[in-house]
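All remarks here apply to the structure that follows.
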Amino acid sequence: MSKSWHARTSVSGFLQILISSNLFTLMSKQEWVSRVENMVITLLEDERVEVRDKAAGTLSGFIHYGFIQTDRALINKFRKKCEKKLIKSPNSNGVTYNPTHLIEKHCGILGLCSIVKAYPYQVPTFLPDVLMILAQHLHDPQPIPVSDLAHTNSNSL
């Protein structure tokens with residue numbers, strides 16, 4: 001991937017247009033769906049918050065129109081990332097966290113939020129479990145803002 005975070009953010013927008021314009025053709029081969037899903041998850045794990053946020057919106061759209069299926073494997077993948085323990089380390093500016101662990105945890109939270117946002121008018125059987133997982137992370141440190149979780153939950157009611 002590019003070193004420019006602007007370019008990586010643009011990949012999400014490009015994927016949205018590419019997939020929506022060629023949805024049925026791309027859905028005909030599971031290999032293509034898997035490759036796109038892996039690309040989006042890679043973008044969710046990016047070092048820049050802006051790239052992760054854009055990728056979360058892309059993932060939500062793909063789930064919403066059925067390009068990526070929400071199954072237990074996808075939910076568990078994000079749940080495992082959410083369970084990453086954040087270890088505090090003292091710093092001259094206060095307390096910091098291991099950035100790799102924080103990014104992985106944020107990826108899991110954004111992935112689960114994307115699942116919730118993908119179903120604005122329904123409550124599939126797995127959704128209450130996803131919301132319960134998210135509720136456990138309301139007080140996580142930045143960049144996992146409470147406002148993202150509150151916004152996700154209020155939009156799905």
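Here the structure is a predicted model, which is why all the values come from computation and not from measurement.
- The CG atom of Asp53 sits 11.0 Å away from the OG1 atom of Thr58 when rounded to the nearest 0.5 Å.
- Glu37 approaches Leu74 most closely through the heavy-atom pair OE2-CD1, 3.6 Å.
- Here the closest heavy-atom approach between residue Lys81 and residue Gly108 is recorded as CB-CA, 3.8 Å.
- Under 4.0 Å is where a charged nitrogen must lie from a carboxylate oxygen, and between Lys29 and Glu31 no such pair does.
- One distance of note links CD1 of Ile109 with CZ of Arg52; it measures 12.0 Å at 0.5 Å rounding.
- Hydrophobic clustering (side-chain heavy atoms under 4.5 Å, transitive across Ile, Leu, Val, Met, Phe, Trp, Tyr) keeps Ile115 apart from Met132.
- Salt-bridge check for Lys54 with Glu50: failed, with every basic side-chain N at 4.0 Å or more from each acidic carboxylate O.
- Under the 4.5 Å side-chain heavy-atom criterion for grouping Ile, Leu, Val, Met, Phe, Trp and Tyr, Ile63 is connected to Phe126 within one hydrophobic cluster.
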Side chain to side chain contact (heavy atoms under 4.5 Å, CB included) between Ile133 and Phe78, worked out: CA-CA 10 Å; Ile133 295 167; Phe78 291 129; over 6 Å; no
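- Rounding to the nearest 0.5 Å places CH2 of Trp32 at 13.0 Å from CE of Met27.
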Kindly indicate, with the supporting measurements, whether the criterion side chain to side chain donor-acceptor pair (under 3.5 Å) is fulfilled by Asn38 and Arg35. CA-CA 5 Å; Asn38 289 336; Arg35 288 180 73 182; over 6 Å; no
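- Taking every heavy atom of both residues into account, Ile68 and Leu59 meet most closely at CD1-CD1, 3.8 Å.
- For the pair Ala118 and His64, the tightest heavy-atom approach, listed with the atom from each and the gap, is O-ND1, 2.8 Å.
- A distance of 10.0 Å separates CG in Leu23 from OG in Ser28, rounded to the nearest 0.5 Å.
- At least one donor-acceptor pair under 3.5 Å links the side chain of Lys105 to the backbone N or O of Lys84.
- With Val51 as the fixed residue, the side chain to side chain contact (heavy atoms under 4.5 Å, CB included) test singles out one of Leu44, Val11, Leu43: Leu43.
- Note that OG1 of Thr100 and CD of Glu45 are 11.0 Å apart. Values are rounded to the nearest 0.5 Å.
- Listed for the Arg8 side chain is a donor-acceptor partner under 3.5 Å among the backbone atoms of Lys3.
- Applying the 6.0 Å contact sphere to OH of Tyr65 captures more than 12 heavy atoms from other residues, nucleotides or ligands.
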What's the verdict on side chain to side chain contact (heavy atoms under 4.5 Å, CB included) for Leu26 and Val33, showing C-alpha distance, side-chain angles and the deciding distance? CA-CA 7 Å; Leu26 293 170; Val33 174; 5.7 Å; no
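- To the nearest 0.5 Å, atoms CG (Leu110) and CG (Leu134) are separated by 10.0 Å.
- Summarising the geometry of Phe62 relative to Leu15, their closest heavy-atom pair is CZ-O, 3.6 Å, with the distance given to 0.1 Å.
- The backbone N or O of Trp5 lies less than 3.5 Å from a partner atom in the side chain of Thr9, making a donor-acceptor pair.
- The backbone N or O of Ile17 lies less than 3.5 Å from a partner atom in the side chain of Ser20, making a donor-acceptor pair.
- Closest of all the heavy-atom pairs between Val130 and Leu112 is CG1-O, 3.8 Å.
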Working for side chain to side chain contact (heavy atoms under 4.5 Å, CB included), residues Lys77 and Ile41: CA-CA 10 Å; Lys77 183 184 297 186; Ile41 291 173; 3.6 Å; yes
